[in-house]
Structures are given as structure tokens and as C-alpha cells.
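What follows is one structure encoded as C-alpha cells, with my remarks underneath.
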Amino acid sequence: MRAISIRTFGAPEGLHLVDLPDPEPAAGQVLIGTEAIGVAGVDVVVRRGTLGDLGFREGHIPGSEVAGTVLAVGEGVGASWIGRRVWAFTGVGGAYVERAVADAGNIIALPDDLSAVDAATIAGSASIAHFGLSRTRFAAGESVLVRGAAGSIGIAAVQLAARGGAAAVAVTTSSAERGARLRELGATHVLDRAGNGEAPLGYDVIIDIVAGEAASTFLRRLNPNGRMVTLGVVGGPLPADLGVAVMTEFQKSLTFMTFSADTVPADELRAVRSESLVAAARGELVPVVHEVLTLENAASAHRKMDEGEVFGRVVLVP
């Protein structure tokens, strides 16, 4: 089968198309003929080599979510899955392939009227946005800032906050055009990347997908008892002075946290992912697909991510 491998970490050109033997599902696993592969921000972070200390090595197959049809099952998995359309989480890699292997506990049957491309766009991102809001104890009537709102997680967070009754949903983004699109999805205030613009005086909740050096500046914009959660690091690691910012604002009783889906019980994670797919099928959540590219153009997809061109998610198809 064809797959994309990281030959060298760094630039997108380090991604190469390779031929690999067709995999076979082990006990408790399924084999999926991929129809759509989500290109996520974490894929870009891995490819850059930012997470090298976590054990990623040359030859790594990037990607963590696919949608397609179950072709075979391993021991202990019901044969009734064969032929069914599913979304699947493949782990910390293994998705940029024509045939993907996933644990049976990480697959979800797709609603009949949801495309594979839309499924690969919404399931993972909407579930991360959901847990980001829930971990901050977001409640109706509160003001929310989504920092880095043009990506798939940010777009989902905007929609979920608006649906949840936020008094204001501010976003940071790079252009007026993107801001207009985010307003259509539920944003009430559009700011530039530095957070400048007509905005609420402060925020009860900040959903941060960017991190990077400016994270401390945004933390200081929280209202008393405000909460900020970092869901991604596409802008680089958190700054060394973040703790200083927390202490400077000590009298505001702020809460800062990070979030990883690894900390969510499997049943709860599966339920939220399933609910996200159903909501998309019903039109309650809008999957925003920037572009659909063929698998061999994975480097182009990553280049667009690096250059900040992507609004929503790029999806690869074999």
C-alpha cells in the first residue's frame, strides 16, 4: 500500500510517499480502507520535530484520524463491522496510509448521510473543543475568547460556545475575510492575532490552540475567576514567564490548564466523538473543509499549514 513517511524532520519536504506491505489487524483491531485522512495541527508539530523527545523517529507515519470502510477484523472483533463505514482514531500516527489499522475501541460507525471527508474534519476537532470548554467549566452567559480560531479545533470551539449560550465569542484570526466567516459560525467579536480590536473588557474563558510566547499576554486578559486552557501548541511551546503572569494576576484567582484527550475515560471520549458526528450529520455542527488533496500531496498540505493558509481542515484522500 502507499503511505506517507517522515524521512527527515523539519520542513514539509521531509514527507515522502513510500510503499509498505498491507497491514493485518491484530487481536482487538480492525483494518480500514481509508477514504479520508484528517490533517491536524499536531501532525505538523510532529513533522517539524518539535516533539522529538517523545520518541518520534524517522520513518514515522503521521496522522491520527481516518474515515473509511472496515475491510477486515482481528480476533475478538465482531465480523459485523466488516463493510461498515467508520471514523477511527489510529493513535499518535499511522493515518497517512491507504489502509489503516485501529483498535476496535477507537472506531465509530458513521451516520449514513455524513461523508468520509466531513467525518475526518469534525470528529477529532469537535471532541477536543468540547472537552476544552467543559474542563474550563464554561457556562451560558460567559464571555469566551478562542485564540487561533481558523483551524478545525478553533472553528468547532466557536460553534460550541455559541450553541452553549456564550454572551460573547471573540476570536483571533489573521484577516477580515476569515473574521467574516467566523462570524457566520457564531463569533461576535473579531480580533487580530495579537488580540487587538473591538473586544470585551475581559474573558471568563480562553480556549487557546496557539500557545507560544504571547500566551502570557492573553492570560492577563481573563476576568476574575477566569479559566484558560491550552489545547495545542501550533505557535510553539508555552513561554517561560507563564508562571510569572499567573502570580502577577494572583488576586484574580485565575486558572490555567492544559488538556489532552489521553486523560479522558475511553467511554466518555467515544460518546463525545459519536455525538459530534451525529451533530454534523444533522447540520448542528458545520465541518469546514479547506481543501481535499490526494495522499501524495501531503507535503503541500503541510506547507499550507505552515504558511497559515488553511481555514478549517485539509483532508487527504488516497
Would you give the length of the straight line joining atom CG of D208 to atom OG1 of T172, rounded to the nearest 0.5 angstrom? 8.0 Å
Linking I/L/V/M/F/W/Y whenever any side-chain heavy atoms sit under 4.5 Å apart, do F138 and I206 land together? no
Going by heavy atoms in the side chains, are L114 and L277 under 4.5 Å from each other? yes
If you count heavy atoms of other groups shown closer than 6.0 angstrom to CD of E309, is the number above 12? yes
In plain terms, say whether K304 and E291 are close enough for a salt bridge, that is, a side-chain N and a carboxylate O under 4.0 Å apart. yes
Electrostatic pair E65-R273, nearest N-O below 4.0 angstrom: no
So do R313 and V315 actually touch side chain to side chain, heavy atoms under 4.5 Å? yes
Test the R227-F256 pair against the cation-pi criterion, namely NZ or CZ under 6.0 angstrom from the six-membered ring centroid and within 45° of the ring axis. no
May I ask you to decide whether E249 forms a salt bridge with K252, counting only side-chain N to carboxylate O separations under 4.0 Å? yes
Is any side-chain heavy atom of L15 closer than 4.5 Å to one of P62? yes
Please verify the inter-ring angle class for Y96 with H302; under 30° counts as parallel, over 60° as perpendicular, anything in between as tilted. perpendicular
As an exercise, state the distance from CG of L182 to OG of S175, rounded to the nearest 0.5 Å. 9.0 Å
Give, for atom CG of D204 and atom OG of S143, the distance between the pair rounded to the nearest 0.5 Å. 3.5 Å
Do T121 and D118 get their side chains close enough for a donor-acceptor pair, meaning under 3.5 Å? no
Rounded to the nearest 0.5 Å, what's the gap from CZ on F218 to CZ on R147? Could you check? 5.0 Å
Is the number of heavy atoms from other residues, nucleotides or ligands within 6.0 Å of CG (D113) greater than 12? yes
In terms of side-chain geometry, is the basic nitrogen of E296 or R2 positioned less than 4.0 Å from the acidic oxygen of its partner? yes
Rounding to 0.5 Å, atoms OG (S134) and CD (E268) come to a distance of 7.0 Å
Do the side chains of R48 and D306 get close enough for a salt bridge, i.e. N-O under 4.0 angstrom? yes
Side-chain heavy-atom pair D192, S174 within 4.5 angstrom cut-off: no
Do I6 and V46 make a side-chain contact, defined as non-hydrogen atoms from C-beta onward lying under 4.5 Å apart? yes
What do you reckon, is CD of Q251 surrounded by more than 12 foreign heavy atoms closer than 6.0 Å? no
Please identify which of these residues, V117, N297, V314, L316, meets the side-chain contact (heavy atoms from CB on, under 4.5 Å) condition with V292. V117
Applying side chain to side chain donor-acceptor pair (under 3.5 Å), run through T8 and E58 and close with a yes or a no. CA-CA 6 Å; T8 55; E58 287 80 5; over 6 Å; no
Quick one, L231 and I207 - any side-chain contact, counting heavy atoms below 4.5 Å? yes
With distance as the sole test, does D22 use its side chain to make a donor-acceptor pair with the main-chain N or O of M1 at under 3.5 Å? yes
Beyond-backbone contact of E284 with R163, side-chain heavy atoms, under 4.5 angstrom: yes
Measuring from atom CG of L110 to atom CH2 of W87, what distance do you get when rounded to the nearest 0.5 angstrom? 10.0 Å
Is the H60 ring parallel, tilted or perpendicular to the F56 ring (thresholds 30°, 60°)? perpendicular
